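Notes follow once the structure below has been shown.
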2 protein chains.
Amino acid sequence: MTNAFKPLEREPAYLKVFKAIEARITDGSLKDGAFLPTEGELCDQFGVTRSTVREGLRLLEQTGLIVRGPAKKFYIRRPDSADIAAAASKSFALGGVTFREVWDTLASFYPAAAKLAATRLSDDDIAQLKAVRAALEAAGAKDHEATVAGAVEFFQHIARGLDNRVMLALLQSLNLMIGESLRHVIAGAPQAKDRISSAQEKLIEAFEAGDEVRAGEWMAKHIDDLKRGYDVAGVDLNEKI
Amino acid sequence: MTNAFKPLEREPAYLKVFKAIEARITDGSLKDGAFLPTEGELCDQFGVTRSTVREGLRLLEQTGLIVRGPAKKFYIRRPDSADIAAAASKSFALGGVTFREVWDTLASFYPAAAKLAATRLSDDDIAQLKAVRAALEAAGAKDHEATVAGAVEFFQHIARGLDNRVMLALLQSLNLMIGESLRHVIAGAPQAKDRISSAQEKLIEAFEAGDEVRAGEWMAKHIDDLKRGYDVAGVDLNEKI
DNA sequence: GATTTTCGTATTGTCGGACAACCGGAATTT
DNA sequence: AAATTCCGGTTGTCCGACAATACGAAAATC
């Protein structure tokens with residue numbers, strides 16, 4: 001019997017609202033920065049009640065497609081890499097990934113990123129890296145927070161300098177995760193600051209020289225070094241983040 | 001004047017509902033698979049109306065923390081890598097990233113992943129890779145869909161075999177994005193299937209031998225080859241996905 | 001005339017109640 | 001025992017309402 005009726009999926013109205021608005025954002029008819037109509041107007045346009053519209057708006061909100069502007073009105077915003085990264089790392093945390101998984105990923109991906117960085121970082125990017133390193137040097141040896149911040153910021157600037165939003169988002173979500181775990185490591189590893197700083201120095205040199213191979217090698221060493229800090233600090237790599 | 005009052009953030013009740021439930025999921029007091037109370041019960045417990053509760057539920061729903069079960073009831077589910085990947089790649093699409101960005105990322109990250117795969121894939125994983133390749137071989141030369149599917153599935157299995165959820169999610173979101181773009185390339189590149197298949201063969205050999213270096217090299221070649229297909233197909237790499 | 005104050009209005013956040021549609025399971029029939 | 005019917009619980013949607021807030025314009029002040 002071929003003339004059976006289709007499953008007839010009924011889709012809740014709030015989902016339709018969500019998809020309708022989402023579609024108009026993706027196809028560009030609602031441009032970035034434009035204000036969304038008020039809830040009341042949306043009710044009229046969609047022919048549903050405010051409760052329903054509001055449920056749809058909550059979906060858009062969580063997706064990151066709209067944010068609250070002045071006067072509480074919503075406006076359109078395409079999610080940027082930072083949002084993607086934040087959402088991803090949050091999900092990871094919920095999923096209970098281990099330190100080992102994060103570090104393994106770092107060790108695999110960042111050397112490759114460093115290679116690319118050697119060919120792609122601008123003079124300005126490199127200057128910023130130097131600034132980050134200088135700030136790290138200036139910080140007190142016992143200032144663990146500054147050490148963590150310096151290490152993470154260095155990664156951040158490299159990711160940003162790659163001029164690639166996909167890579168940026170992926171690396172940023174890693175950066176968010178290592179920030180937390182580095183804190184544990186550094187407090188328990190005495191000369192962490194010096195080792196980090198000297199690795200950064202070598203990396204900057206490689207970037208300046210445009211030396212891909214050296215950049216990749218030093219990044220690998222740098223990360224390996226950070227990871228080794230776990231043993232020193234006595235942290236179990238299989239612990240959940 | 002230092003004693004000014006701070007902005008005094010008042011957060012909407014629906015956000016509190018969201019955070020409250022989210023917290024109980026993350027801290028484990030609501031376990032994976034458990035059913036959420038009904039909307040009515042939540043109203044009683046939180047002391048708010050259903051409209052409010054429902055807005056909170058929509059947030060949880062979009063975050064991927066809860067899904068609908070039988071009888072429409074919600075149950076708890078920790079987002080897995082596929083969800084993270086899907087969400088991320090969707091956001092990327094909205095952000096209007098270019099093919100070039102995706103391919104650059106592929107070219108940077110996948111060779112590193114292949115190296116790891118050489119040391120980590122189980123015999124079972126490799127058997128599956130062989131199966132994927134066999135299916136690709138069996139497909140007709142003109143069956144572009146099968147070719148795309150074969151190429152993407154090969155990537156998928158590698159990612160899954162790495163035994164690392166973070167890497168899996170990141171690579172999966174890349175896989176989702178290349179699927180679409182590969183379709184364009186392959187239709188316009190005659191011997192794409194053969195080249196893909198032979199690259200897969202070399203990769204499998206390297207994986208079996210546990211030869212990291214060779215695996216990385218062939219993966220780099222493989223991706224480079226796919227990318228070159230763009231020229232042949234006449235696709236502009238700077239086009240948005 | 002420029003600045004401050006006041007005030008009205010639009011919008012959001014929340015409420016309470018209402019009803020149809022739907023699902024699952026119990027009660028009933030066959 | 002199997003199929004059918006029925007019923008209560010739950011969701012999806014609607015309506016109407018109100019307080020709180022934020023904005024912009026009108027009014028008052030200097």
Side-chain angles (χ1 to χ4, degrees), chain A residues 1 4-25 30-31 33-77, chain B residues 1 4-25 30-31 33-77:
Chain A
M1 81 144 115
F5 289 108
K6 40 190 158 72
L8 175 58
E9 1 89 14
R10 303 188 47 69
E11 163 174 79
Y14 68 83
L15 260 180
K16 287 194 193 152
V17 171
F18 168 61
K19 289 185 180 171
I21 299 179
E22 183 195 32
R24 299 207 26 192
I25 294 177
L30 276 175
K31 283 177 203 154
F35 280 95
L36 216 56
T38 67
E39 296 176 350
E41 289 177 61
L42 289 173
C43 293
D44 295 341
Q45 295 181 23
F46 286 115
V48 296
T49 39
R50 265 186 68 211
S51 316
T52 305
V53 165
R54 283 172 64 83
E55 291 187 41
L57 289 179
R58 292 293 92 80
L59 290 174
L60 288 165
E61 188 180 13
Q62 190 64 18
T63 313
L65 284 172
I66 59 178
V67 289
R68 262 170 231 303
K72 291 288 183 62
K73 286 180 72 174
F74 279 112
Y75 66 91
I76 313 295
R77 198 208 41 177
Chain B
M1 106 141 92
F5 290 108
K6 31 183 170 36
L8 170 60
E9 30 36 58
R10 292 179 319 100
E11 69 181 353
Y14 67 81
L15 259 180
K16 286 195 193 151
V17 171
F18 168 62
K19 290 185 179 170
I21 299 179
E22 183 195 32
R24 300 207 27 190
I25 294 176
L30 278 175
K31 283 177 202 155
F35 280 94
L36 215 55
T38 67
E39 294 176 352
E41 289 177 62
L42 288 173
C43 294
D44 295 342
Q45 294 181 24
F46 286 115
V48 296
T49 27
R50 262 187 71 210
S51 315
T52 306
V53 165
R54 282 173 64 83
E55 291 189 41
L57 290 179
R58 292 293 91 81
L59 290 174
L60 288 164
E61 189 180 13
Q62 190 64 17
T63 313
L65 284 172
I66 59 178
V67 290
R68 262 180 238 308
K72 295 287 185 64
K73 287 181 72 174
F74 278 113
Y75 65 91
I76 312 297
R77 198 208 40 175

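Note that the structure is predicted; figures quoted are calculated from it, not measured. Labels below follow one simple rule: chain letters A, B, ... track the order of the sequence lines, proteins then strands, and each chain is numbered from 1.
Summarising the geometry of B/Val17 relative to B/Gly56, their closest heavy-atom pair is CG1-CA, 4.4 Å, with the distance given to 0.1 Å. Between B/Leu30 and B/Ile76 the shortest heavy-atom distance is O-CG2, 4.1 Å. What you find for B/Phe35 and B/Tyr75 is that their closest heavy atoms are CD2-CB, 3.8 Å.
Contact of A/Arg50 with C/dG13 (side chain to base): a donor-acceptor pair of N or O atoms is detected under 3.5 Å.
Listed by residue number, A/Thr38, A/Glu39 are the residues of residues 36-49 of chain A with a heavy-atom contact under 4.0 Å to DNA chain C.
One interatomic measurement links the two molecules: CG of B/Leu15 to P of C/dT12, which rounds to 16 Å at whole-angstrom precision. A/Arg68 places its CZ atom 12 Å from the P atom of D/dA22, with the value rounded to the nearest Å. One can place OH of B/Tyr75 at 17 Å from C1' of D/dT10, the figure rounded to the nearest angstrom. Between B/Glu55 atom CD and C/dT12 atom C1' there is a gap of 10 Å when expressed in whole angstrom units. Rounded to whole angstrom, the span from the CG atom of B/Leu60 across to the P atom of D/dT11 amounts to 14 Å. For the pair A/Leu59 CG and D/dG12 P, the interatomic distance rounds to 11 Å; values are reported in whole Å. Here the C1' atom of nucleotide C/dG13 and the NZ atom of B/Lys16 are 12 Å apart, to the nearest Å. We find that CD1 of A/Ile66 is positioned 13 Å from C1' of C/dT12, with the value rounded to whole Å.
Considering CZ of B/Arg58 and CZ of A/Arg58, their distance stands at 11.5 Å, rounded to 0.5 Å.
Not counting sequence neighbours, the partners of A/Glu22 by the salt bridge (Lys or Arg N to Asp or Glu O under 4.0 Å) test are B/Lys90.
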Got a list of side-chain donor-acceptor pairs under 3.5 Å for residues 43-51 of chain B, not counting sequence neighbours?
{"residue": "B/Arg50", "atom": "NE", "partner": "B/Glu39", "partner atom": "OE1", "Å": "3.0"}
{"residue": "B/Arg50", "atom": "NH2", "partner": "B/Glu39", "partner atom": "OE1", "Å": "3.0"}

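Minimum atom distance to the side chain of B/Ser51 is reached by C/dG16, of the listed C/dG13, D/dT13, C/dG16. Checking C/dG13, C/dC15, D/dT13 against every side-chain atom of A/Tyr14, the shortest atom distance belongs to D/dT13.
The pair A/Arg68-A/Glu61 meets the salt-bridge criterion, with a side-chain N (NZ, NE, NH1 or NH2) lying under 4.0 Å from an Asp/Glu carboxylate O.
The phosphate of D/dG12 has OP1 or OP2 within less than 4.0 Å of a side-chain N or O from B/Arg54.
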